[in-house]
Amino acid sequence: MRTLRAFTAVGAAALLASAGTATAAPSPPPAPTAQLTDAQVDTAVRHLDSSIAEMMRRTGVPGVSVAVVHDDEVVYLKGFGLRRVGDPAAVNPDTVFQIASLSKPVSSTVAAGVLKEPADFDRHTELPGFALKDPWVTSRVTTADLLSHRSGLPDHAGDLLEDLGYDQAYILDHLRLAPLTPFRSSYAYTNYGFTAAAQALARSRGTTWQKLSADTLFKPAGMTRTSTEFKAFIDAPDHASTHVKNANGTWTPRFVRDPDAQAPAGGVSSTARDMSRWLRLQLSGGTLDGQRIVPADTLARTHLPEIVSQPPASPTGRTGFYGLGWNVGYDDAGRLRLSHSGAFELGANTSVAMLPLEKLGIVVLTNGAPVGLPDAVAADFFDTAEHGKATTDWLALTGALYAGINAEGRSPTDYARPPTGAKPAAADSTYTGTYDNPYYGKATVAATSRGKLTLSLGPEPMVFPLTPYDGDTFSYETTGENAVGRTGVFFSPADRTLRIEHLDADHLGTFTRR
């Protein structure tokens with residue numbers, strides 16, 4: 001008699017075979033087929049005007065520009081709202097937006113156009129000044145590893161250095177100090193790992209990333225208003241200013257975001273019209289207007305899963321993957337779904353989504369800090385195409401997701417409210433001086449003429465007033481793209497150190513006094 005252990009070890013199919021039961025080898029499931037009709041797409045397109053208007057009303061986002069491509073035709077191309085609050089100039093399909101991390105699939109398209117074979121993505125990345133903490137990983141890391149965020153670098157490694165004003169060369173050089181998770185078996189989204197791969201490609205061709213992008217993609221595809229350089233964006237007469245939301249619900253163009261340091265990962269600016277040409281190229285396997293722009297096989301490689309990015313949350317949930325600059329997933333019908341969002345907390349939010357089998361894609365550009373509108377417009381569009389109407393409130397869902405993301409990294413301590421019985425700080429001389437950190441550089445604590453302490457960080461430097469909290473603990477208000485409100489500064493006079501909470505997520509935030 002066979003035991004339960006034997007059954008579980010060899011499986012039911014093997015037991016049936018060994019018992020002499022004749023069974024045919026199962027056939028693979030049929031390949032997915034296109035399911036959307038022209039009429040269904042037309043219904044979703046007709047719904048876009050009202051959908052966008054309603055979401056703009058609910059969020060107050062100042063300006064939106066949208067393009068839809070179906071069967072190699074631009075079937076929708078419109079702008080809504082204002083380029084800048086307080087200025088009557090309206091958004092149109094040729095208004096230039098910063099597209100933030102939507103730059104990644106654009107940049108991976110450039111990489112696909114540069115490389116000759118899909119396997120070239122698996123070649124070792126060599127870039128002077130760039131290394132990882134483990135020399136073994138440094139000697140093996142490839143373009144694919146870095147474009148798919150599986151190098152082992154921690155989440156958003158290097159971004160805080162950018163916030164402090166360090167340039168690309170400094171940031172890439174100091175990634176060698178960041179701790180690593182298991183190589184090729186862990187996923188963590190990293191702008192500067194992605195940037196290193198792209199810059200290595202440009203260097204191997206003896207040119208800059210902007211010129212490589214222009215020569216490989218922008219010029220051949222007729223993307224005449226697209227650039228990877230901040231100067232091109234800010235100098236464009238018809239550009240959309242970035243906006244942040246105020247406590248009273250209004251929007252203000254308060255900040256300017258210069259992303260040149262991470263240009264391949266987040267520095268592209270473009271228009272809905274230009275992005276519609278890019279969508280057509282993507283959905284046509286690298287051709288545009290009858291001309292081959294990008295090889296079909298290298299472009300197809302960018303659409304393949306490289307690493308699990310979102311494990312299923314339940315037994316019935318679907319796994320999310322990351323490819324080469326793309327979020328890669330499969331819907332209930334087995335169809336490939338490609339997407340990517342872009343977000344600058346200082347005032348931009350974008351989204352692209354495609355169903356290649358249906359030759360259908362949408363891109364949404366906005367000039368407001370992320371509140372979920374672009375992702376919701378895209379989700380609502382595809383939902384309406386599938387079902388004739390939206391089956392859920394996508395804006396409520398995506399808005400809640402972004403609110404959760406925005407809450408991450410905030411200190412659990414409310415530094416605006418010192419505890420009852422808080423101890424007074426020691427004399428200023430206990431804290432003042434210059435402190436060193438191999439990753440973040442120099443920090444200077446100084447006393448002002450008004451009896452306050454300041455903390456200076458970064459190459460310029462940036463100066464932050466310190467507010468006493470409890471004894472040797474102070475706080476300051478963070479700024480920049482990754483600001484998280486007030487953060488703690490913990491002095492240890494006996495150890496001659498200070499630790500900055502906001503900079504210490506990867507245990508790199510301790511400075512030692514000279």
Side-chain angles (χ1 to χ4, degrees), residues 132-134 152-166 170-171 173-181 188 190 192 407-514:
L132 300 172
K133 191 167 187 177
D134 185 336
L153 281 168
D155 184 64
H156 286 84
D159 286 9
L160 295 178
L161 291 173
E162 182 188 355
D163 272 0
L164 293 176
Y166 287 104
Y170 180 97
I171 296 168
D173 179 66
H174 284 73
L175 290 181
R176 69 185 69 234
L177 300 175
L180 296 177
T181 53
T190 50
Y192 281 96
E408 293 177 2
R410 293 187 175 272
S411 176
T413 302
D414 184 357
Y415 290 103
R417 293 179 172 81
T420 302
K423 300 174 184 176
D428 290 349
S429 59
T430 305
Y431 312 113
T432 54
T434 300
Y435 297 74
D436 292 315
N437 177 290
Y439 187 73
Y440 290 106
K442 182 175 70 173
T444 303
V445 178
T448 69
S449 59
R450 296 186 177 183
K452 303 289 186 181
L453 292 177
T454 61
L455 172 67
S456 298
L457 295 167
E460 293 184 3
M462 302 177 72
V463 180
F464 303 95
L466 290 178
T467 301
Y469 177 71
D470 185 9
D472 295 330
T473 299
F474 292 73
S475 73
Y476 70 89
E477 188 73 29
T478 55
T479 60
E481 177 64 28
N482 299 281
V484 291
R486 285 204 162 269
T487 194
V489 178
F490 309 103
F491 289 93
S492 296
D495 297 332
R496 300 179 62 81
T497 63
L498 70 82
R499 182 174 65 85
I500 300 174
E501 182 180 23
H502 180 46
L503 306 183
D504 201 39
D506 299 314
H507 306 293
L508 296 170
T510 297
F511 296 69
T512 302
R513 193 173 183 176
R514 291 179 183 173

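Scope of the values below: all heavy atoms of this structure, side chains included, with no hydrogens, waters or symmetry mates.
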> Does the T478 side chain pair with the main chain of V484, one donor and one acceptor, at a distance under 3.5 Å?
Replying inline: yes
>> Can you tell me which residue among Y469, F464, F491 is in a ring-ring contact (aromatic ring centres under 6.0 Å, His included) with F474?
In response: F491
>> Ignoring hydrogens, what is the shortest heavy-atom contact between A188 and P154? Give both atom names and the distance.
In response: CB-C, 3.9 Å
>> To check you understand the geometry: which heavy-atom pair defines the closest contact between G441 and Y166, and what is its length?
In response: CA-OH, 3.7 Å
> Just wondering, do K442 and T434 contact through their side chains at under 4.5 Å, heavy atoms?
Replying inline: yes
> When rounded to the nearest 0.5 angstrom, what distance separates CZ in R514 from CG in D436?
Replying inline: 4.0 Å
> With side chains defined as the heavy atoms from C-beta onward, is the minimum distance between K133 and R176 less than 4.5 Å?
Replying inline: no
> Looking at P412 and E501, what are the two nearest heavy atoms and their distance?
Replying inline: CD-OE2, 4.0 Å
> Out of curiosity, L503 CG to N437 CG, how far, rounded to the nearest 0.5 Å?
Replying inline: 8.0 Å
> Can any side-chain N or O of T448 pair as donor or acceptor with the backbone N or O of L453 at less than 3.5 Å?
Replying inline: no
> Under the 3.5 angstrom rule, does the side chain of D470 hit a backbone N or O of P418 as a donor-acceptor pair?
Replying inline: no
> Do any pairs count as a side-chain hydrogen bond (donor to acceptor under 3.5 Å, both in side chains) and have a residue in residues 502-513, sequence neighbours left out, and if so which ones?
Replying inline: R499-D504
> Are any of the side-chain heavy atoms of T454 and L466 separated by less than 4.5 Å?
Replying inline: no
> For the residue pair V463 and S456, what are the closest heavy atoms and their distance?
Replying inline: CG2-OG, 3.5 Å
>> For a side chain to side chain contact (heavy atoms under 4.5 Å, CB included) check, start with the C-alpha distance between Y192 and E162, then their side-chain angles and the critical distance, and finish with the verdict.
In response: CA-CA 10 Å; Y192 281 96; E162 182 188 355; 2.8 Å; yes
> Short question: side chain of D163, backbone of G480 - any donor-acceptor pair under 3.5 Å?
Replying inline: no
> What side-chain hydrogen bond (donor to acceptor under 3.5 Å, both in side chains) pairs are there with at least one residue in residues 416-428, not counting sequence neighbours?
Replying inline: D414-R417
>> Do T190 and L175 make a side-chain contact, defined as non-hydrogen atoms from C-beta onward lying under 4.5 Å apart?
In response: no
>> On a heavy-atom basis, which atom in A443 and which in F511 lie closest, and how many Å separate them?
In response: CB-CD2, 3.6 Å
> Roughly how far apart are H156 NE2 and N482 CG, rounded to 0.5 Å?
Replying inline: 7.0 Å
> How close do A178 and L508 get, heavy atom to heavy atom, and via which atoms?
Replying inline: CA-CD1, 4.3 Å
>> side chain to side chain contact (heavy atoms under 4.5 Å, CB included) for T413 and T473? Distances and angles first, verdict last.
In response: CA-CA 12 Å; T413 302; T473 299; over 6 Å; no
> Taking the side chain from Y476 and the backbone from L455, do they hold a donor-acceptor pair closer than 3.5 Å?
Replying inline: no
> Side chains of T497 and Y435: closer than 4.5 Å at any heavy-atom pair?
Replying inline: no
>> Using side chain to side chain contact (heavy atoms under 4.5 Å, CB included), reason through T467 and Y415 one step at a time and then give a plain yes or no.
In response: CA-CA 9 Å; T467 301; Y415 290 103; over 6 Å; no
> So, T432 side chain and A446 main chain: donor-acceptor pair closer than 3.5 Å or not?
Replying inline: no
>> Using the rule given for side chain to side chain contact (heavy atoms under 4.5 Å, CB included), can you reason through Y440 versus L160, listing the C-alpha separation, both sets of side-chain angles and the distance that settles it, and then say yes or no?
In response: CA-CA 9 Å; Y440 290 106; L160 295 178; 3.7 Å; yes
